[in-house]
Amino acid sequence: MRVLIVDDHPVVREGLRAVLGAESDVEVVAECGTGGDAVRLAAELRPDVVLMDLRLPDLDGVEATRRIVAAASAHVLVLTTYDTDGDIARAVAAGATGYLLKESPRRELAAAVRSAARGETVLAATVAAKLVSSVRASRPALTPRELEVLRCIADGRSNPETGRLLFISETTVKSHVTRIFEKLSVNDRTAAVTVAIARGILPPPV
């Protein structure tokens with residue numbers, strides 16, 4: 001695997017080169033300290049993986065990642081000290097294959113480079129947890145009325161029965177059911193109840 005190291009600290013680049021150079025199946029083809037050089041070298045050398053820092057002079061790591069991925073020059077594995085939600089989201093949106101922290105053990109880093117070279121997603125545990133939390137937080141919440149309709153679905157009530165119980169028309173019930181399906185990303189009533197229980201929206205059956 002051919003790797004390009006991008007970091008604005010020479011000592012960090014030297015350490016990464018030493019770590020990866022000790023792996024028999026990894027070749028560090030070049031290193032650089034700016035985002036602009038990263039884009040240029042990725043295009044020229046066509047490495048399998050670019051180890052990308054986020055804080056870089058002249059062109060930050062996110063924009064450099066976006067350009068490298070757009071040109072299909074290499075898979076980009078972000079390696080940084082920052083694990084804030086904003087940094088993670090921007091890097092993933094730019095097309096990074098993975099996101100690791102510089103505190104990662106040597107063995108984990110080498111394994112991540114191999115996975116990234118195969119195009120597999122690699123995320124540090126703390127990063128994965130933040131992404132999951134972010135996704136959950138971004139899900140649109142059910143309205144109180146939709147929750148009432150969902151409870152009726154869980155009770156096995158039909159649309160007409162639900163309408164009579166909640167004093168709304170069957171057409172309105174159908175509209176609520178459609179929105180519930182959309183918010184839960186499901187296509188049927190059984191799946192809606194299953195997902196709702198899994199997410200803690202409904203209590204598990206007794």
Side-chain angles (χ1 to χ4, degrees), residues 1-140:
M1 292 166 293
R2 305 172 73 250
V3 178
L4 167 63
I5 297 173
V6 185
D7 196 289
D8 61 339
H9 295 292
V11 173
V12 173
R13 296 199 302 269
E14 183 179 341
L16 291 172
R17 179 183 283 274
V19 168
L20 295 177
E23 302 295 324
S24 60
D25 58 343
V26 177
E27 176 190 3
V28 177
V29 295
E31 60 182 66
C32 63
T34 70
D37 284 342
V39 175
R40 177 179 58 81
L41 288 172
E44 291 178 1
L45 302 176
R46 313 294 293 188
D48 299 299
V49 176
V50 176
L51 269 182
M52 180 73 72
D53 192 15
L54 290 182
R55 302 294 193 266
L56 299 169
D58 87 332
L59 186 70
D60 72 10
V62 170
E63 181 57 31
T65 294
R66 184 176 291 109
R67 296 185 188 186
I68 290 170
V69 171
S73 300
H75 296 294
V76 177
L77 176 59
V78 171
L79 183 66
T80 181
T81 56
Y82 305 96
D83 67 345
T84 62
D85 292 354
D87 287 321
I88 296 169
R90 291 175 62 234
V92 171
T97 299
Y99 196 113
L100 287 184
L101 302 179
K102 289 181 179 177
E103 63 191 36
S104 302
R106 171 177 177 168
R107 183 175 300 178
E108 182 179 335
L109 175 59
V113 168
R114 294 185 181 95
S115 295
R118 295 191 295 267
E120 299 171 0
T121 300
V122 184
L123 296 173
T126 56
V127 172
K130 285 178 179 289
L131 280 176
V132 169
S133 296
S134 176
V135 169
R136 286 176 176 168
S138 66
R139 289 173 179 156

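These figures come from a predicted structure and were not determined experimentally. As a basis for the values below, the full set of heavy atoms in this structure was taken, side chains included, without hydrogen atoms, waters or symmetry mates.
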Participant: First locate atom CG of D25, then atom CG of L20, and finally report the distance between them rounded to the nearest 0.5 Å.
Facilitator: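 Going from the CG atom of D25 to the CG atom of L20 covers 10.0 Å.
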Participant: Dump the intermediate steps for side-chain contact (heavy atoms from CB on, under 4.5 Å) on M1 and R118, then the final yes or no.
Facilitator: CA-CA 10 Å; M1 292 166 293; R118 295 191 295 267; over 6 Å; no
Participant: Do you know which two heavy atoms are closest between V122 and A112, and how far apart they sit?
Facilitator: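 Of all heavy-atom pairs spanning V122 and A112, the closest is CG1-CB, 3.5 Å.
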Participant: Do T80 and Y99 have side-chain heavy atoms sitting under 4.5 Å apart?
Facilitator: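 Side chain of T80 against side chain of Y99, heavy atoms only: contact under 4.5 Å found.
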Participant: Can you tell me how far apart OG (S115) and NE2 (H75) are? Round to the nearest 0.5 Å.
Facilitator: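 Atom-to-atom, S115:OG and H75:NE2 are 11.0 Å apart.
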Participant: Which pair of non-hydrogen atoms, one from S104 and one from E108, has the smallest distance, and what is that distance?
Facilitator: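 Where S104 meets E108 most closely, the heavy atoms are OG-OE2, 3.8 Å.
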Participant: To check you understand the geometry: which heavy-atom pair defines the closest contact between V6 and A38, and what is its length?
Facilitator: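 Here V6 and A38 meet closest at CG2-CB, 3.6 Å.
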Participant: Would you list the atom pairs, donor with acceptor, under 3.5 Å between side chains in residues 7-19 and any protein atom, with sequence neighbours excluded?
Facilitator:
{"residue": "D7", "atom": "OD1", "partner": "H9", "partner atom": "N", "Å": "2.9"}
{"residue": "D7", "atom": "OD2", "partner": "K102", "partner atom": "NZ", "Å": "2.7"}
{"residue": "R13", "atom": "NE", "partner": "E31", "partner atom": "OE2", "Å": "3.2"}
{"residue": "R13", "atom": "NH1", "partner": "D7", "partner atom": "O", "Å": "2.6"}
{"residue": "R17", "atom": "NE", "partner": "E31", "partner atom": "OE1", "Å": "2.8"}
{"residue": "R17", "atom": "NH2", "partner": "E31", "partner atom": "OE1", "Å": "3.2"}

Participant: So T81 and L101, side-chain contact (heavy atoms from CB on, under 4.5 Å) or not? Walk me through it.
Facilitator: CA-CA 5 Å; T81 56; L101 302 179; over 6 Å; no
Participant: Say you draw a straight line from OG of S73 to CG of L45; how long is it, rounded to the nearest 0.5 Å?
Facilitator: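 Answer for the OG-CG pair, S73 versus L45, is 10.0 Å.
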Participant: For residues 50-63, which side-chain N or O atoms pair as donor and acceptor with protein atoms under 3.5 Å away, sequence neighbours left out?
Facilitator:
{"residue": "R55", "atom": "NH1", "partner": "D87", "partner atom": "OD1", "Å": "3.3"}
{"residue": "R55", "atom": "NH2", "partner": "D87", "partner atom": "OD2", "Å": "3.4"}
{"residue": "D58", "atom": "OD1", "partner": "G35", "partner atom": "N", "Å": "3.2"}
{"residue": "D58", "atom": "OD1", "partner": "G36", "partner atom": "N", "Å": "3.4"}
{"residue": "D60", "atom": "OD1", "partner": "V62", "partner atom": "N", "Å": "3.3"}
{"residue": "D60", "atom": "OD1", "partner": "E63", "partner atom": "N", "Å": "2.8"}
{"residue": "D60", "atom": "OD2", "partner": "R90", "partner atom": "NH2", "Å": "3.0"}
{"residue": "E63", "atom": "OE1", "partner": "R66", "partner atom": "NH1", "Å": "2.6"}
{"residue": "E63", "atom": "OE2", "partner": "R67", "partner atom": "NE", "Å": "3.0"}

Participant: Taking 4.0 angstrom as the limit, do E120 and R114 come out as a salt bridge?
Facilitator: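 No, E120 and R114 are not salt-bridged.
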Participant: Do V3 and D48 have side chains that get closer than 4.5 Å, going by heavy atoms?
Facilitator: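 Result no, sub-4.5 Å side-chain heavy-atom pair not found.
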Participant: Looking at P47 and V29, what are the two nearest heavy atoms and their distance?
Facilitator: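 Looking at all heavy atoms of both residues, the closest pair is CB-CG2, 4.2 Å.
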Participant: For residues V26 and V49, determine if any side-chain heavy atom of one lies less than 4.5 Å from a side-chain heavy atom of the other.
Facilitator: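 V26 vs V49: side chains apart.
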Participant: Is R40 close to D37 at the side-chain level, that is, under 4.5 Å between some pair of heavy atoms?
Facilitator: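 Side-chain contact under 4.5 Å: yes.
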Participant: Report the distance from atom OG1 of T34 to atom CG of L41, rounding to the nearest 0.5 Å.
Facilitator: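 So the OG1 of T34 and the CG of L41 are separated by 8.5 Å.
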Participant: I'd like to check V76 versus T65 (side-chain heavy atoms, cut-off strictly below 4.5 Å). Are they in contact?
Facilitator: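 Yes, side chains in contact.
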